[in-house]
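Working notes for the structure below.
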Amino acid sequence: MSDVTVSQTQQALKKSKLQIALRKPGFVIGAIIIGLSAMLAIAPGVFAPYDPNLISYLEVKQPPSWAHPFGTDMLGRDSLSRVIWAYTVNMQMAILATVFAMSFGVFVGALVGYYRGIADQIFGRLVDAIITFPFLVLVIAVVAVLGPGLVNMYIAISVVGWVYYARLTRAEVIAQMGNDYASAGVVMGYSDRRIIFRHLLPNAITPVIVYWMTDMALAILLGSSLGYLGLGAQPPQAEWGVLIAEGRNFITTAWWLSLMPGIAIVITGLGFSLIGDGLADLLRPRT
Amino acid sequence: MASLQYIFKRLLLMIPTFFLVMVIIFLLVRFLPGDPAIAIAGDRASDADLEAIRNRLGLNEPMLVQFWLFISNTLQGDLGRSILMRAPVTDVIFERFPTTGFLTLYAVVLSLLIAGPLAFVAALNRGNSWDAAIRTVFQVGLSMPVFYIGLILLTFLAAQLRWFPVGGYGETFFVRLHHLFLPAMTVALYTSAIIMRNLRSSIIEVLDAEYVQFSRAKGLSNRIILGRHVLRNAMISTVTLLGLSIGSMMSGTLVTETVFAVPGMGRLMLEAIFARDYPLIQGLTLTFAVLVSVVFLLTDLFQSWLDPRMRLS
């Protein structure tokens, strides 16, 4: 092998992961979708053509037109504006329903994975017990305890969801502990805290991040389902599930009311899963 | 012998799990807002009546005694009386269970019919446009909330085209198949999206395996290879996946029953929550947990029966 090819290979290896990612169409499309969704979520007022709560009894249940691309609802409110304003709530769901579950789950998972012993045994049985409940059944049971509403919904999803992060982190930490660098840390006399959080976790976190992306998509699906069932966001708040539920009674006469918010859910969910798939391809070491 | 031992160990592990399940349900229900005695007797009941109800339900006992009462009553099949239905919770659940069971099995059959052939087509055409098209459609399907799939089917196939009834539940088997087709299809579309993806990769894995390459080199026909090796291995992973997806299928059933007004356990659960019918919530949550763990157990047993390697680990 000549020197030229060696340096070329090294250069290829040095290429940043971002550059590789940008060549994957799925990842790029996902990133664009989520980027645009985030813009709509941060500044809905800039993009929405009308006030989402402006009631107009002269324009009730109008089909899609140039003036109202998504039509109007039973109170004459502009559907497009309501779908756009809902981005704020639904994108917030992706974050707030997952972040606390992830932080707590990673923390617990790292600890039980590192120390094992009796705490790990109890943790194992707790995981078994929680995955024995269908996810939605347990979440709505917790919502029943706390009462319907967005904040309670976030609490309910987090209370159930952390287990999945903890299980994943535990398995990864245990796998990482088989490596020489972990034993080296022990030999060097590093504190447990330093070994767990500075050495093991950074190496164990990759699958958790990938799962987080999928979980954000799931959080939007779950949040809108709870909104639809009347247990999440409450009307008149514009939220995709609530909007679909509002349109349900007029589904044969004003189909656009339920159809349009659903398309927003599908596109956003797709965006998160495409990013998740892209990251999984990118971060998982190829064998 | 080894297999009996395995079953025994597996059952033994279920005891602590179920103990924790009972603890979770007990704690959840204790935290429900409102006084259960008022929920049973109504706002205008006298203090003496309320006190009598509290005594009868053991609500004045210490927590641990209450927990013991809950466990021993449950083990004897007594889940209390539903406030909403004015009947024993076990009776109410037994009445609704066949509907949900039928719907779930129906959905399993439909999702296998959808995912199975498509996974084979995608795997055998790996990398070309057929594969890409099938995967894209299922990727979109995975991003659709169950209630939305249900509403679309309901609007177009039931309300517009009138091919199917918009709700309810038939009397005889075939009428029931027709009535529950759309709800089952809703759950199946969602479940098949989960199965398809994994089934495709497991088929590809088997196709690439050395023993399959060897069979090819030996000159065995494609049909024999697919039937003997690929199908058998694909079946193991599909059954495992279906078993593990039972929780999300139940979640899907809960939403679907609400969309299509199917009188099953899922819809009952929501009614119980809005009515704050705490004995019913408790009973239904427990029933769902029991169902899921029985399916998990059957999956494990089936897997160890099909794949002897599993028994060793």
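The sequence lines fix the lettering, A, B, ..., with proteins before strands; numbering per chain opens at 1.
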**Request:** Considering non-hydrogen atoms only, spot the tightest contact between Ile265(A) and Phe147(B) and give its length.
**Result:** CD1-CZ, 4.4 Å
**Message:** Is it the case that the side chain of Tyr148(B) and the backbone of Leu259(A) share a donor-acceptor pair, with hydrogens and angles ignored and the cut-off at 3.5 Å?
**Reply:** yes
**Inter-residue atom distance Leu20(B).CG - Asp128(A).CG, 0.5 Å rounding** = 9.0 Å
**Fill in**
Turns out that what part of Met144(B) lies under 4.5 Å from chain A's heavy atoms comes down to both
**Asked** Can you tell me how far CG of Leu136(A) sits from CE of Met269(B), rounded to the nearest 0.5 angstrom?
**Response** 8.5 Å
**Request:** Check whether more than 12 heavy atoms from other residues, nucleotides or ligands sit under 6.0 Å from atom CZ of Phe97(B), and answer yes or no.
**Result:** no
**Request:** Against chain A, label Thr258(B) side chain, backbone, both or neither, depending on which of its atoms sit under 4.5 Å from a heavy atom there.
**Result:** side chain
**Message:** Quick one, Leu254(B) with Ile140(A), criterion side chain to side chain contact (heavy atoms under 4.5 Å, CB included). Give me CA distance, side-chain angles, the key distance, then yes/no.
**Reply:** CA-CA 11 Å; Leu254(B) 191 152; Ile140(A) 66 173; 3.9 Å; yes
**Message:** Please determine whether a side-chain nitrogen of the Lys or Arg among Arg135(B) and Asp277(A) lies less than 4.0 Å from a carboxylate oxygen of the Asp or Glu.
**Reply:** no
**Neighbour count above 12 (heavy atom, 6.0 Å) for Phe19(B) CZ** = no
**Request:** Could you walk me through whether Thr285(B) and Phe133(A) pass the side chain to side chain contact (heavy atoms under 4.5 Å, CB included) test, one step at a time?
**Result:** CA-CA 7 Å; Thr285(B) 314; Phe133(A) 295 100; 3.6 Å; yes
**Message:** Do Leu126(A) and Thr17(B) make a side-chain contact, defined as non-hydrogen atoms from C-beta onward lying under 4.5 Å apart?
**Reply:** no
**Asked** Among Gln139(B), Met14(B), Met250(B), Met22(B), which residue forms the greatest number of heavy-atom pairs with chain A at distances under 4.5 Å?
**Response** Gln139(B)
**Item:** Minimum heavy-atom distance between Ile24(B) and Ala129(A), given as atom pair plus value
**Value:** CD1-CB, 4.2 Å
**Prompt:** Relative to chain A, which segment of Leu291(B) carries a heavy atom at a distance below 4.5 Å: side chain, backbone, both, or neither?
**Reply:** neither
**Item:** Interface moiety of Leu222(A) toward chain B, non-hydrogen atoms closer than 4.5 Å
**Value:** neither
**Residue Arg197(B) excluded, over 12 heavy atoms near CZ under 6.0 Å** = no
**Prompt:** Ile131(A) versus chain B, heavy atoms under 4.5 Å apart: side chain, backbone, both or neither?
**Reply:** both
**Asked** Taking the side chain as C-beta and beyond, is there a heavy-atom pair between Ile251(A) and Leu154(B) under 4.5 Å?
**Response** no
**Worked verdict on Leu151(B) versus Tyr228(A) for side chain to side chain contact (heavy atoms under 4.5 Å, CB included)** = CA-CA 11 Å; Leu151(B) 268 183; Tyr228(A) 177 83; 4.0 Å; yes
**Prompt:** Got more than 12 heavy atoms from elsewhere within 6.0 Å of CD, Glu205(B)?
**Reply:** no
**Prompt:** Ser273(A) versus Ser143(B): any side-chain heavy-atom pair under 4.5 Å?
**Reply:** yes
**Complete:** Heavy-atom nearest pair, Ala141(A) first then Leu28(B), reads CB-CD1, 4.0 Å
**Item:** Most contacts with chain B, counted as non-hydrogen pairs under 4.5 angstrom, among Ile263(A), Val145(A), Val127(A)
**Value:** Val145(A)
**Message:** Please classify the contact between Val143(A) and chain B as side chain, backbone, both or neither, with a heavy-atom cut-off of under 4.5 Å.
**Reply:** neither
**Request:** Decide if atom CD1 of Ile118(A) counts as having more than 12 heavy atoms of other residues, nucleotides or ligands within a radius under 6.0 Å.
**Result:** no
**Request:** Of all the heavy-atom pairs spanning Pro134(A) and Ser251(B), show the shortest one and how long it is.
**Result:** CB-OG, 3.7 Å
**Request:** Please assess Phe274(B) against Leu231(A) for the test side chain to side chain contact (heavy atoms under 4.5 Å, CB included), listing each intermediate value before the final yes or no.
**Result:** CA-CA 9 Å; Phe274(B) 285 115; Leu231(A) 295 166; 3.9 Å; yes
**Prompt:** Is chain B contacted by the side chain of Ala217(A), its backbone, both, or neither, given a heavy-atom distance below 4.5 Å?
**Reply:** neither
